[in-house]
Visitor: 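Take this structure, written in structure tokens, and hold onto it; I'll ask about it next.
Per chain, numbering begins at 1; letters A, B, ... match sequence-line order. Keep in mind that the numbers below use all heavy atoms, side chains included, and drop hydrogens, waters and symmetry copies. Keep in mind that this is a model prediction, so the values were computed, not measured.
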2 protein chains.
Amino acid sequence: MRPSRKSPNGTTKDLPPEREPLATVIGGTELQIAYRMGYVLNFYREPSFRRIEMELGLTRPEIVTLIFLNFREGVTASEICEFSGHLKANISRGIIALEKKKLIRRAADKTDSRRQQLFMTAAGRALYARYIPALRERERAMLACLTRAERNEFERLLDKLAAHVPQWAALDEL
Amino acid sequence: MRPSRKSPNGTTKDLPPEREPLATVIGGTELQIAYRMGYVLNFYREPSFRRIEMELGLTRPEIVTLIFLNFREGVTASEICEFSGHLKANISRGIIALEKKKLIRRAADKTDSRRQQLFMTAAGRALYARYIPALRERERAMLACLTRAERNEFERLLDKLAAHVPQWAALDEL
DNA sequence: ACCAGAAAGTCTCATATGAGACCATCTCGA
DNA sequence: TCGAGATGGTCTCATATGAGACTTTCTGGT
């Protein structure tokens with residue numbers, strides 16, 4: 001079960017005919033958009049992340065911490081929490097583990113000694129370089145069915161949604 | 001940390017100025033679209049699901065199983081796996097737990113005694129009715145920043161992406 | 001300058017999860 | 001009709017995770 005669906009010969013399997021309606025109707029009455037986002041994202045992200053976990057021995061918080069550090073060094077644990085959606089306890093554990101593996105380096109923030117800035121090591125960068133291409137390639141495959149114009153529009157809409165997250169994310173009464 | 005961001009008085013807090021650039025640039029170099037999808041979806045889904053887990057004592061596989069059964073009774077565990085992205089072991093556990101709580105009912109499939117069709121009980125329907133409105137409302141809030149036209153277009157693009165998932169999801173070499 | 005409260009990060013404990021073995025049943029080709 | 005392989009579902013074990021307590025440091029109002 002799950003994302004990997006290969007027939008014995010390794011080629012993609014045709015969906016059994018009786019299953020099609022389920023695929024198309026699913027979520028038809030409730031949570032249409034949210035359901036579809038989750039559906040697509042799951043198939044994009046889970047297999048890749050599981051693979052990284054198994055092959056490189058990283059946990060999810062460790063993976064995303066390296067992703068964050070790759071594009072901005074010096075961020076703190078709480079910033080990673082803020083934008084990754086992981087709980088701070090898990091990011092904390094991940095950071096401790098990454099440091100133990102010499103993949104990142106920690107430095108106390110001069111202006112606020114509670115904080116610690118994080119930096120990648122060469123080893124960290126090398127490990128990151130080993131798993132990011134597959135993620136990029138898989139993102140490309142996910143989006144391949146859209147035209148360039150559609151992709152741009154999709155990205156624009158996602159940007160808009162992302163920008164407005166703070167306006168409703170705090171409504172945890174819902 | 002995490003989705004809930006309330007200031008002491010309970011109103012939404014303005015983002016600290018130095019954090020804004022991080023939010024906007026994040027994912028700017030890699031996985032732009034996938035990152036944003038994950039970001040938005042996390043803030044939509046996690047708080048709601050955590051809340052349901054805590055208040056109603058359901059696990060995630062149990063939650064999604066009820067959601068699936070709500071709109072189509074008689075589905076099997078493997079169909080739920082197929083479309084929910086959960087591992088079959090977890091769905092299996094969830095189903096066993098749901099039956100134990102009398103929220104669903106199982107019936108052996110006449111034509112294939114390996115399979116078992118699943119049905120909601122009145123209690124299951126009642127419990128579902130207790131948590132789905134919050135999810136609906138939260139989806140509405142998430143999408144509130146889009147115009148109606150944009151929402152339609154977003155949904156159309158998601159449909160297209162979802163329909164093409166089978167074409168690339170099997171590529172687990174990536 | 002002080003104190004109450006917020007924030008950063010770490011820790012503990014119980015639980016949910018992922019991986020994969022396992023059994024029973026079904027399917028399909030020889 | 002038989003047997004090999006696929007499929008549906010369950011189980012076990014190790015691990016990752018969520019909740020929340022706790023410590024230390026910072027901040028803002030008085």
Visitor: To the nearest Å, give me how far apart CZ (B:R115) and C1' (D:dG8) are.
Guide: 8 Å
Visitor: Quick one: sort the A:Y128 and A:Y131 rings into parallel, tilted or perpendicular, breaks at 30° and 60°.
Guide: perpendicular
Visitor: Distance check needed: D:dA19 C1' versus B:E55 CD, whole Å only.
Guide: 14 Å
Visitor: Kindly point out which of D:dG18, C:dT17, D:dG9 is positioned nearest to the side chain of B:Q116?
Guide: D:dG9
Visitor: Is there a residue in residues 94-106 of chain B whose heavy atoms reach under 4.0 Å of DNA chain D, and which residues are they?
Guide: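 Close to the strand are B:I96, B:R106.
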Visitor: Rounded to whole Å, please give me the gap between NZ in B:K88 and C1' in C:dC22.
Guide: 10 Å
Visitor: For B:Q117 and D:dG9, give me the distance from atom CD to atom C1', rounded to whole Å.
Guide: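 Rounded to the whole Å, the gap is 15 Å.
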Visitor: Both A:K110 and A:L58 contact DNA chain D. Taking the nearest nucleotide for each, which residue is further toward the 5' end?
Guide: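 It is A:L58 whose nearest nucleotide is closer to the 5' end.
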Visitor: Mind calculating the distance between CD1 (A:I91) and P (D:dA19) to the nearest angstrom?
Guide: 15 Å
Visitor: Donor-acceptor pair under 3.5 Å: do we get one between A:R114's side chain and the base of D:dT24?
Guide: no
Visitor: Describe the nucleic acid contact of B:E53 in one word from base, sugar-phosphate, nothing, applying a heavy-atom distance below 4.0 Å.
Guide: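 Nothing, no nucleic acid heavy atom in range.
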Visitor: Can you tell me how far P of C:dT15 sits from CE of B:M54, to the nearest Å?
Guide: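 Value for this atom pair: 12 Å.
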Visitor: Nearest heavy atom decides the nucleotide; on that basis, is A:R60 or A:D112 closer to the 5' end of DNA chain D?
Guide: A:R60
Visitor: Within the supplied structure, the quantity of interest is the number of heavy atoms (other residues, nucleotides, ligands) at a distance under 6.0 Å from A:R125 CZ; does it exceed 12?
Guide: yes
Visitor: Check whether more than 12 heavy atoms from other residues, nucleotides or ligands sit under 6.0 Å from atom CZ of B:R130, and answer yes or no.
Guide: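 No, because the 6.0 Å sphere around CZ of B:R130 holds 12 heavy atoms or fewer from other groups.
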Visitor: Check whether B:E73 reaches the backbone of B:M120 with its side chain - one donor and one acceptor, N or O, closer than 3.5 Å.
Guide: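 Yes: the side chain of B:E73 pairs with the backbone of B:M120.
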Visitor: Could you go through the side-chain hydrogen bond (donor to acceptor under 3.5 Å, both in side chains) check for A:E62 and A:T59 one step at a time?
Guide: CA-CA 5 Å; A:E62 295 173 67; A:T59 66; 2.9 Å; yes
Visitor: For B:F154 and A:F154, take the angle between the two ring planes, folded into 0 to 90°, and tell me which bin it lands in: parallel under 30, tilted 30 to 60, perpendicular over 60.
Guide: parallel
Visitor: Using a cut-off of less than 4.0 Å, is there contact between a side-chain N or O of B:S92 and OP1 or OP2 of D:dT10?
Guide: yes
Visitor: C:dG18 P sits how many Å from B:N90 CG, rounded?
Guide: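 The distance from CG of B:N90 to P of C:dG18 comes to 5 Å, rounded to the nearest Å.
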Visitor: Looking at A:S78, I'd like to know whether one of its side-chain N or O atoms comes within less than 4.0 Å of OP1 or OP2 on C:dA8.
Guide: yes
Visitor: Rounding to a whole Å, what distance do you find between B:L87:CG and D:dC11:P?
Guide: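 Distance check: B:L87 CG to D:dC11 P gives 17 Å.
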Visitor: Under the 3.5 Å rule, do the base of C:dT12 and the side chain of A:R93 count as making a donor-acceptor pair?
Guide: yes
Visitor: Does OP1 or OP2 of D:dT24 have a side-chain N or O of A:S113 closer than 4.0 Å?
Guide: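 Indeed not, no polar side-chain atom of A:S113 lies that close.
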Visitor: Kindly assign one of parallel, tilted or perpendicular to the pair B:F68 and B:F83, based on the angle between their ring planes and the thresholds 30° and 60°.
Guide: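 Aromatic pair B:F68/B:F83 classed parallel.
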